[in-house]
Amino acid sequence: MTFMRRYEELRAIKQELAARDWFPGTSGNLAIRTSGVPVEFLVTASGKDKRQTTPDDFVHVDATGQLIGEQSGRPSAETLLHVEVFNRTDAGCSLHVHTIANNVISELYGDQGSITFSGQEIIKALGHWEEDATVTVPIIPNHADIPTLAAAFAPHVTADSGAVLIRNHGITVWAPTAFEAKKHLEAFEFLFNYTLTLQSCRQSIH
Ligand SMILES: CSCCC(=O)C(=O)COP(=O)(O)O
Ligand SMILES: [Zn+2]
C-alpha cells in the first residue's frame with residue numbers, strides 16, 4: 001500500500017515538473033523512499049524522456065542503488081546522489097533538475113562555493129520564518145565520475161532537508177516528504193530566477 005502511494009506521489013511530481021519543462025534533453029532524476037530499514041527507494045529510469053509517462057518510468061532499488069529483484073530498466077546514472085540522501089538522512093524524497101536558472105547561478109557563484117539568500121519572503125517556503133533568515137546553497141564541481149560526484153555531494157547532506165547545486169549541471173533538493181521537496185525546489189528556482197532578473201535589470205539601468 002505504502003509502495004503504491006509513494007509510486008503515485010513520484011509519478012505526480014514527475015508530471016508536474018515536466019509541465020514546467022524542467023527535464024530538458026532527458027535530464028533530471030527523481031527518487032522517493034519506500035522503506036526506512038532497510039533503505040529502499042524508487043528512482044527514475046536512466047535516459048528516458050521524463051515528460052512521457054510509461055510503465056517503465058521508475059525502478060526500485062536498495063541502499064546501494066542496485067535493482068531489487070527481477071526488474072527491467074536501468075536506475076538513473078545519478079542514483080548514487082540519492083543513495084547518499086536516503087542513507088545519511090530521514091528524507092523521504094530527493095529531486096534533481098537541470099534548469100537554465102540553476103545552471104547560470106551555479107556558474108556565477110561557483111568560484112565562491114555557495115550562494116546565500118536573504119530578505120526574501122519565499123525563504124519561508126524553506127521552513128525559515130525568522131525576520132532575518134538566510135539560506136545558503138553549496139555549489140560543488142561537476143565531476144563526470146559519479147562516485148566522485150557523490151563523494152563531493154555527501155558532506156553537504158547533513159539534515160533531512162537540503163539542497164546542493166552542481167556547477168553547470170543542476171540542483172538536487174531533498175526533504176522529509178515529496179510535497180516539501182517539490183515546494184523547496186520551487187522556492188530555490190524562484191530565488192535563482194529572482195537573482196538573475198534583478199542583476200540584469202540593475203545592469204540595464206546603469
Ligand atoms: C541528459 S543530461 C546528463 C545526465 C544527467 O545529468 C541527468 O540528470 C539524467 O540522467 P539519468 O541517468 O537520470 O537519465
Ligand atoms: Zn543531472
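Read the numbers this way: they start at 1 and go in the same order the structure lists the ligands and their atoms.
Ionic pairing of Arg6 and Glu9 is present here: one or more N-O contacts between side-chain nitrogen and carboxylate oxygen are shorter than 4.0 angstrom. One finds no salt bridge joining Arg88 and Asp160 here, because no Lys/Arg side-chain nitrogen approaches an Asp/Glu carboxylate oxygen to under 4.0 Å.
Nearest heavy atom pair, residue Gly25 against residue Arg51, reads N-NH2, 4.4 Å.
Side-chain heavy atoms closer than 4.5 Å link hydrophobic residues (I, L, V, M, F, W, Y) into clusters, and following such links, even through other members, never connects Val43 to Tyr7.
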Going by atom type alone, with no hydrogens or angles, which donor-acceptor pairs under 3.5 Å involve a side-chain atom of residues 30-41 and a protein atom two or more places apart or on another chain?
residue	atom	partner	partner atom	Å
Arg33	NE	Ala91	O	2.8
Arg33	NH1	Phe86	O	3.4
Arg33	NH2	Phe86	O	3.0
Arg33	NH2	Thr89	O	2.8
Arg33	NH2	Ala91	O	2.9
Thr34	OG1	Glu40	O	3.2
Thr34	OG1	His60	NE2	2.8
Ser35	OG	Pro38	O	2.5

Name the atoms and distances for all side-chain donor-acceptor pairs under 3.5 Å in residues 125-141, with sequence neighbours left out.
residue	atom	partner	partner atom	Å
Thr136	OG1	Thr116	OG1	2.8

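With contacts defined as side-chain heavy-atom distances shorter than 4.5 Å, the pair Leu42/Val59 does not qualify.
Pocket lining of ligand 1, defined as residues with a non-hydrogen atom under 4.0 Å away: Gly25, Thr26, Ser27, Gly28, Asn29, Ser46, Gly47, Lys50, Ser76, Ala77, Glu78, His96, His98, His169.
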List the steps, then state whether side chain to side chain donor-acceptor pair (under 3.5 Å) holds for Asn103 with Ser106. CA-CA 5 Å; Asn103 273 248; Ser106 75; 5.2 Å; no
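For the Zn ion (ligand 2), protein N/O/S neighbours under 2.8 Å (waters excluded) are Glu78 OE1, His96 NE2, His98 NE2, His169 NE2.
Here the two rings, on Phe188 and Trp22, have centers that are 6.0 Å apart or farther.
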